[in-house]
Amino acid sequence: MTGGPDGRLDGRTAIVTGGGRGIGAAVARELTRRGARVTVFARSAAEVDGVAASGGAALAVAGDVSVEADVVRLRASHERVLGPCDVLVHAAGILVRGRVEVLDPAAWRRVLDVNLTGAFLLARAVLPGMRARGRGRILAIASISAHVGTAEGSAYNASKWGLVGFAKSLAEEVRGSGVQVMTISPGGVATRMLAQTPFPPAMEADDVARVVGWCAAEAPDAMSGSDVEVFG
Ligand SMILES: NC(=O)c1ccc[n+]([C@@H]2O[C@H](COP(=O)([O-])OP(=O)(O)OC[C@H]3O[C@@H](n4cnc5c(N)ncnc54)[C@H](OP(=O)(O)O)[C@@H]3O)[C@@H](O)[C@H]2O)c1
């Protein structure tokens, strides 16, 4: 477990991508509430700055999860200001909808770059430190879309199915090292992203954040490799 027996994360630090709004911002607030010192990361500097200014995070860094240099800079800034990273939550994500015959190949690549390759770049950045300390938790927000097919959702769903496969493989690579890896798959959450779809919200971002907080601090180590379904 990364947290104390009471589920607290005092003395721990976390990086939350997509932390400027929606689920990522709620996760940052939840981890902060549990005592962690959190860095929020997204492209919109004004949004991550706003989360930090309102007390939802200790540090805000602007950048793009699909750009390796930005991810390396994120890790370096986090370590310089807050110390080694104990918990990574990859909540950054984008949705581009469209039938396969009309979806722009550039949009397909962009969705995979942000949602899936971003997770790979982030894990590469934080893993050596976690392994060296024998402790860490790598979490990523997948989706109900990692469990089903959706018309006009091929790129997004492929990225999320891929994210679950990536996390399960990484969990095997780090088994026994003290590092655990999990995905969390919410159903419809009332955020700007869901507003792009015809689907109604089933829950609020804070509902998902409580599950992520539990995964970060309290979930048994033996759950490494699992995908936690937050839908019914
Ligand atoms: N809402 C749902 O129903 C739902 C359900 C299941 C899973 N999810 C997943 O939950 C996660 C959060 O989604 P949300 O609903 O909270 O959406 P959201 O409100 O649109 O927030 C997405 C966040 O990701 C950031 N982001 C996007 N592209 C980025 C990039 N290239 N680099 C860094 N940050 C980037 C955004 O900031 P910038 O635009 O400023 O970069 C924003 O902070 C996503 O992975 C999404 O797929 C959502």
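Here, residue 1 is the first one in the sequence, and each next residue gets the next number. For the numbers below, each heavy atom of this structure counts, side chains included, while hydrogens, waters and symmetry mates do not.
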Query raised in the report: How long is the span from the CG atom in Asp70 to the CG atom in Asp64, to the nearest 0.5 Å?
Result: 6.0 Å

Query raised in the report: Backbone N or O of Val181 within a donor-acceptor pair of the Ser224 side chain at under 3.5 Å?
Result: yes

Query raised in the report: Going by the angle between their ring planes, with limits at 30° and 60°, are Trp161 and His147 parallel, tilted or perpendicular?
Result: tilted

Query raised in the report: Given the rule that I, L, V, M, F, W and Y join up when any side-chain heavy atoms are under 4.5 Å apart, are Val61 and Val114 in one cluster?
Result: yes

Requested in this report: Look up atom CE in Met182 and atom CG in Leu170, then write down how far apart they are to the nearest 0.5 Å.
Outcome: 12.0 Å

Report task. Any chance you could measure Tyr156, atom OH, to Met193, atom CE, to the nearest 0.5 Å? Result -> 4.5 Å

Query raised in the report: Got Val189 and Asp207 here, is their nearest side-chain heavy-atom distance under 4.5 Å?
Result: no

Requested in this report: Working to the nearest 0.5 Å, report the span between SG of Cys85 and CZ of Arg135.
Outcome: 10.5 Å

Query - Shortest non-hydrogen separation from Leu95 to Thr197 and the atoms involved - result: CD2-CG2, 3.4 Å

Requested in this report: Indicate, with yes or no, if Ile94 and Val89 share a hydrophobic cluster defined by side-chain heavy-atom contacts under 4.5 Å among Ile, Leu, Val, Met, Phe, Trp and Tyr.
Outcome: no

Report summary line: Of all heavy-atom pairs linking Arg75 and Val126, the shortest is CG-CG1, 4.4 Å

Query - Min side-chain heavy-atom separation Val96-Arg110 under 4.5 Å - result: no

**Report entry** Close aromatic pair by centroid cut-off 6.0 Å: Phe41 and His78
**Finding:** no

Query raised in the report: Okay, side chain of Arg73, backbone of Ala62: is any donor-acceptor separation there less than 3.5 Å?
Result: yes

**Report entry** Heavy-atom donor-acceptor pair, Asp86 side chain to Thr13 backbone, under 3.5 Å
**Finding:** yes

Query raised in the report: Using 4.0 Å as the upper bound for N to carboxylate O, is an ion pair formed by Arg29 and Asp206?
Result: yes

Query raised in the report: Less than 4.5 Å apart, any side-chain heavy atom of Lys160 and any of Asn115?
Result: yes

Report task. Kindly indicate, with the supporting measurements, whether the criterion side-chain contact (heavy atoms from CB on, under 4.5 Å) is fulfilled by Val87 and Arg12. Result -> CA-CA 8 Å; Val87 177; Arg12 304 287 192 248; 5.5 Å; no

Query raised in the report: So, are Glu30 and Arg34 salt-bridged, with charged N and O less than 4.0 Å apart?
Result: yes

Requested in this report: Look at the side chain of Thr17 and the backbone N and O of Ala92, then say whether any donor-acceptor pair between them is shorter than 3.5 Å.
Outcome: yes

Report task. Give a yes or no on whether Arg133 atom CZ has more than 12 heavy-atom contacts from other residues, nucleotides or ligands under 6.0 Å away. Result -> yes

Report summary line: In short, Leu9 meets Gly3 closest at the heavy-atom pair CD2-CA, 3.7 Å

Query raised in the report: Under 4.5 Å between side-chain heavy atoms, hopping through other hydrophobics if needed: is there a path connecting Leu121 to Val16?
Result: no

Query raised in the report: Do the side chains of Val111 and Ile141 join up, straight or via other hydrophobic residues, at under 4.5 Å, putting them in one cluster?
Result: no

Query raised in the report: Which atom names give the shortest non-hydrogen contact between Val65 and Val71, and what distance separates them?
Result: O-CG2, 3.4 Å

Query raised in the report: Arg137 side chain to Cys215 main-chain N or O, any donor-acceptor pair under 3.5 Å?
Result: yes

**Report entry** Distance, nearest 0.5 Å, that separates CG of Leu139 from CD1 of Ile15
**Finding:** 12.5 Å

Report task. Kindly give the heavy-atom pair with the smallest separation between Ser154 and Val100, and that separation in Å. Result -> OG-CG2, 3.6 Å

Requested in this report: Please check if atom CZ in Arg124 has more than 12 non-hydrogen atoms from other residues, nucleotides or ligands closer than 6.0 Å.
Outcome: no

Query raised in the report: Is there a path of hydrophobic side-chain contacts, each under 4.5 Å between heavy atoms of I, L, V, M, F, W or Y residues, that connects Leu82 with Val40?
Result: no

**Report entry** Candidates Ile138, Asp221, Val174 - the one meeting side-chain contact (heavy atoms from CB on, under 4.5 Å) with Gln180
**Finding:** Asp221

Requested in this report: May I ask you to decide if Ser66's main-chain N or O and Thr117's side chain share a donor-acceptor pair within less than 3.5 Å?
Outcome: no

Query - Donor-acceptor under 3.5 Å (Ser177 side chain, Val179 main chain) - result: yes

Requested in this report: Mind listing the closest non-hydrogen atom pair of Leu31 and Gly213 along with its distance?
Outcome: CD2-CA, 4.0 Å

Requested in this report: Take Ser185 and Ile144 through the side-chain contact (heavy atoms from CB on, under 4.5 Å) test and state the conclusion after the steps.
Outcome: CA-CA 5 Å; Ser185 282; Ile144 188 174; 5.8 Å; no

Query - Between NZ on residue Lys168 and CG on residue Leu163, distance to nearest 0.5 Å - result: 11.5 Å

